[in-house]
Amino acid sequence: MLSAMPGTALAQEAAEPLTEEGAIIVTGYRASLASAVGEKREAEQIVESISAEDIGKLPDASIAESIARLPGLTSQRVNGRSNAISIRGFAPDFSTTLLNGREQTSTGDNRAVEYDQYPSEIVNAVNVYKTPMASLIGQGLSGTVDMRTVRPLDGTRRIVSVGARGTYTDQGKLNAGSSDTGFRMNALYVDQFANDTLGIALGASYLDEPYQVEEFNAWGYADGPDGNRVIGGSKSYVTSTKLKRLGLNGTLQWRPSPNFTSTLDAFYSDFKDDQFKRGIELPLFWSGASLQDDYSAPDGLITQGAFDDVKGVLRNDAFQRHAKLYSFGWNSAWKGDDGWNAVADVSYSRTDRNELVVETYSGTGRAGEGATDTIGFSSSSGGTVFTHQLDYADYDLIQLTSPQGWGGTQIGLDGTTITGGQDGYYNDRKIRDELWQLRLEVAKEIDRGLLRSVQAGLNYTTRSKRLVPEEYFLGLAANTDGTVSVPIPEDARLGATDLDYLGLGSMVSYDPVALVDAGLYNLVANPYGDVVVKAYAIREKIMTAYTQANIDAEIGTAHLTGNVGVQANWVDQNSKGATAVYLGTNANGSPDIGASQRNESTDYLDVLPSLNLSLRFPSDFVIRFAAAREIIRPRLDDMRASLSWGYTVTGDVAQVTGSSGNPDLRPWRANALDLTFEKYFASNGYIAAQFYWKDLKSYVYNLDVTVPTSALALPSPGNGIAIAPYAQLNVPVNGEGGKLYGVEVATTLPFETFVKTLEGFGVTGSVAYTKTKISPVPGGASEDLPGYSKWVANGTAYFEKAGFSARGSVRYRSTFVGEVSGFGAARVRRRAASEFIVDGQLGYEFQPDSALEGLSLYLQGQNLTDEPFITANPGDARQVIDYQSYGRRFLAGFTYKF
């Protein structure tokens, strides 16, 4: 496995790979597990590892699904694919991800890396460090993930590898123009020149794959008649995604002498996530619809009934998420004959991301006009299913319009007017994330007493992230008097979209972006304060100094290794944002909204001691102990110097709620202890029990504060609705106190270790239990951390012999607070139900001396039980908010290595 501990990562000294006469080879899943076991045994920290074969043999849309099989780790699915990792019950925000030991920018709004940016084929190894040490830069509070690429001078032979796969999703083609099949191709070239003093590695991967989702979504549940709760409304879609990604990776190494190595790395990802979302939004209890009296309400929830006078809003929406990620690094390492070593490393990472959300509405007529429907409903733990009377696929009945009159009259600064309600919305978000990093380190090998060596270094990181939103109301150009609805142009009609899973039959279908581009809509810039305050710019400057002593000593018959050190971080953070100011009304009737600029800075110091000890016995028994001060800096979007809000209408009064960032936020901080007992069998198996405890000294939670609405720039809710005199704003602040502790039991057991006749059979897996006691409000009830699951388990049973391989894998996580996509791609947190996911794979690798030696074939099934993603209101699983069905995915492909 080509991987390295963080202390040597900058020197790019990889562990020895599996070799045959010096050439890097892949010898199957069992060899990969053995390599990972060896990495874990020799590590100075508590580490989990995956080798390249493990990832390459299970090709996923991202490497996240492979990482999620490690002990104590799990993932959250987005649109059916895993792209974020939780470690030890913490959300992805609490860990950090490195590429070849270097910090990376993110395609998300926060720091957490989304793994679908990184093709699994170009990642050669992954190490997950559960405990920090002083020389580990960019460490997280829950753990640190380091992805490693191939080092060409670690081998001595040319390698050429190509692969391809086809993908099929059994959900079918849910939207017109979508696909249920896709493909993926990859190639890798590694070679050495000039007497093995110059090495090059080039990798490329291209992916074009579909994802299909059937989704139910509830607005929420209202206090209905007789004290019963009832669904307030529904916004449900079928979503068809086309995911395209080009990944390029290159490494150039120069080693003119055994003492000096210079390495240049480059990585590029062009990522396009294009979605069409089509469905019917049904305003029910929270609307002018009326609930019929003959409803059924067992245990306080109206689970069956019907609404009259329902005016549905048909949605044809588009979501385009395009991102380009650039990462470069240059490392030079000197290893002197006198024991003095030095390393210099400079790196740059940048992500340019553009997210476009286009909403368009259609229905039977404008607000107050057109036919209404009688909608029956049946709510359960599987979501809500409806009945209907109208034909929503009738192009003579359904027209482009504003069925509910949402938004009312809007007047642009140039006088362009939308009357009778908006006919859609256009939200364009532009984000740039940029990071520079410079690191210098010197080390001295002393091999005296307890110490093997000492090292010291400096690291300087500067990061900036900014968001620029552009939002527009859409109004039909033909609607000049507020009464006009427009038939869907015949050349834009795409047939019907099937909503039978919701009980709503079919609905009209068209391309919303094409209609906007064709000029059917006028765009009126949203002038209100909620847009003004979404823009922000965050800048961080961090100087890190560290020193570390590495331990190596004999204690009786045991061998003690490890390290002790301290890291100091000087942080200077700055946040720019705005608070909207209502300045009155312009001459043309448009609101005059200004912005009060806010620019705040703060600085602080963190001192982070760490200790890692491993006591190794001749019986292959290892006891590890670690103690450390750990931190993770706050979410970047929580640090924004801005304020936003929205309305919740109750009766004839609009209650104002909102949120504000906090530029003065400090990191999450914890004191942590780890104790691990590991028993190794031969060279390829182990069983371990890992105990951990974290005492959170500082953390970030959200606090509600009350402010007068007269101080805010609020647009009129319309329809004669008054605004409440006070607003409740949710603000992130630093809290104190709270604990998280747990245990992980993990094993890799090749059965031939105990019974020779079972050669080729084995299991690997883990079970983790985590308990949390966090009380954000002093004296209040304990709450779960985002991403926290009490139980996390995974397991793989495998057989591999004579080229044949078979694997079955399961992953389980108990209920957790997860992030899902809200309006305009904003992230919102909801309680998610437990998940149990089943995957499988069959394969054959042609053996040496075969005419097809080097060729591997495989067939893989993902999510074989079609496990849904579910969120619900706490306390009642029948009050489902999200119910997303992703279907099963089947993959067939090959790899060929020369």
Q. Do Asp345 and Arg439 meet the salt-bridge criterion of a basic N to acidic O distance under 4.0 Å?
A. no

Q: Answer yes or no: does atom CH2 of Trp330 have more than 12 heavy-atom neighbours from other residues, nucleotides or ligands under 6.0 Å?
A: no

Q. Are Asp620 and Lys679 close enough for a salt bridge, meaning some N to O gap below 4.0 Å?
A. no

Q: For Thr149 and Arg151, test the side chains for any donor-to-acceptor distance below 3.5 angstrom and give the result as yes or no.
A: yes

Q.
Taking Glu630 first and then Lys694, would you say they form a salt bridge - that is, a charged N and a carboxylate O separated by under 4.0 Å?
A. yes

Q.
Check for me whether the distance between the ring centres of Tyr680 and Phe621 falls short of 6.0 Å.
A. no

Q) Do the ring planes of Trp334 and Phe260 sit parallel (below 30°), tilted (30 to 60°) or perpendicular (above 60°)? A) tilted

Q.
Contact between Arg811 and Ser75 at the side-chain level, heavy atoms closer than 4.5 Å - yes or no?
A. yes

**Q.** Atom NZ of Lys771 with >12 non-hydrogen neighbours under 6.0 angstrom
**A.** no

Q: Could you check if a side-chain atom of Asn550 sits within less than 4.5 angstrom of a side-chain atom of Thr561, using non-hydrogen atoms only?
A: no

(Q) Go through it in stages, so that I can follow the logic: the residues are Arg624 and Glu678, the test is salt bridge (charged side-chain N to carboxylate O under 4.0 Å, His left out), and I'd like the CA-CA distance, side-chain angles, deciding distance and then a yes or no. (A) CA-CA 8 Å; Arg624 301 185 195 272; Glu678 302 168 1; 2.9 Å; yes

Q | Salt bridge present between Glu744 and Lys130 (N-O < 4.0 angstrom) | A | yes

Q | Test item: Leu758 and Glu752 side chains (from C-beta on) under 4.5 Å apart, heavy atoms | A | no

Q. Can the ring centroids of Phe94 and Trp668 be said to lie less than 6.0 angstrom from one another?
A. yes

Q) For the residue pair Phe754 and Phe681, is the inter-centroid distance of their aromatic rings smaller than 6.0 Å? A) yes

Q) Hey, do the aromatic rings of Phe799 and Phe761 have their centres closer than 6.0 Å? A) yes

